[in-house]
Amino acid sequence: MWAMDYDEWALELTTRWMARDLECLSRVSSTSQRLRQRLQTENVPLGAAVIADEQTAGRGRLGRGWQSPAKMGLYTSFLLYPGDRLSGLLSLVAAVALSQAIEAETGLAPKLKWPNDVLLGGKKCTGILVESSSNWAIIGIGVNVGESLPPALTNATTLSRQLGAPVHRPRLWAQLAGFLEQWYERWLTDGSRPVLQAWRERSATIGHSVEILHPDGRPLLTGRAVDVGDDGALLVECNNGTVRRVLAGEVSLRFEGRGYAPPSGDASS
Ligand code: BTN
């Protein structure tokens, strides 16, 4: 590991405590893994952050990877100590903060797909991975920033593609740190209601047909997404009218992006 230009990133920060302990790396296996390593050997302050130009073993949700080519994306992680608060909601806190950062830096209007994907033009442009133990949580965030994308990612897009102009990664990152600090504090002081409201206002999921899938792609249930619960669970109204709570940890969601019309006489899922 070797250093990237620390000042280029740190000088953009306007936060009080978020990312004030900052490590900038040119290459690392995973920014979240790096924070975990630090936790094993030292007391790491609240808000400690890692940014890397490139990740060689970026991690995604559900045990997947996250391709992280050099300087094409924002790859960053932040350390929080949310106590016994629910980590399901933390991932919505991060999604709201990230969508506001993108909006502030680019003027684009992102939408949120449950649990925490940010969409532009209906395509995914970010990933959020929350890892937690009993006394810490690491929020790992990846954003597709540059023009190019690995060819396999056909259902994804990038900020520069959507904007039609380059996006400044350090400024985007500093906006993210700022909104994350604000929303995290708001959540601790005011509870879940404001963050849930902000999430709903940006939701591309609520009111639409959804299919909940096991990580291996097997369908688990289908229905209409009707709301999110206080713990960040998605509430899905099934075809027989029952409402099921779906927790983010073990499933993915196929978003059909259209209104929902239950088939008449449909059996229970
Ligand atoms: C997803 O699967 O949608 C979540 C992807 C999260 C990727 C980010 S990149 C920075 C941080 N470090 C990692 O290894 N993963 C997260």
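Ligands are counted one by one from 1 in listed order, and the atoms in each one are counted from 1 as well.
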Return a table of donor-acceptor pairs under 3.5 angstrom between the side chains of residues 40-52 and protein atoms on other chains or two or more places apart.
from : atom 1 : to  : atom 2 : distance (Å)
T41  : OG1    : R38 : O      : 3.3
E42  : OE1    : R38 : NH2    : 3.3
E42  : OE2    : R38 : NE     : 3.2

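Using a 4.0 Å cut-off between a side-chain N of Lys or Arg and a carboxylate O of Asp or Glu, E131 and R59 qualify as a salt bridge.
Sorted by first and then second residue, the side chain to side chain donor-acceptor pair (under 3.5 Å) pairs involving residues 158-167 (not counting sequence neighbours) are T157-Q162.
Residues T76 and W173 bring a donor and an acceptor atom of their side chains to less than 3.5 Å of each other. Side-chain N/O atoms of W183 and Q100 include a donor and acceptor closer than 3.5 Å.
The side chain to side chain donor-acceptor pair (under 3.5 Å) check on D7 picks up nothing, with sequence neighbours excluded.
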Using a 3.5 Å cut-off on N/O to N/O, what pairs does ligand 1 make with the protein? A line per pair would be great.
from     : atom 1 : to   : atom 2 : distance (Å)
ligand 1 : 2 (O)  : R61  : N      : 2.7
ligand 1 : 3 (O)  : K124 : NZ     : 2.7
ligand 1 : 12 (N) : T31  : OG1    : 3.2
ligand 1 : 12 (N) : Q55  : OE1    : 2.9
ligand 1 : 14 (O) : S30  : OG     : 2.8
ligand 1 : 14 (O) : R59  : N      : 2.7
ligand 1 : 15 (N) : R59  : O      : 2.7

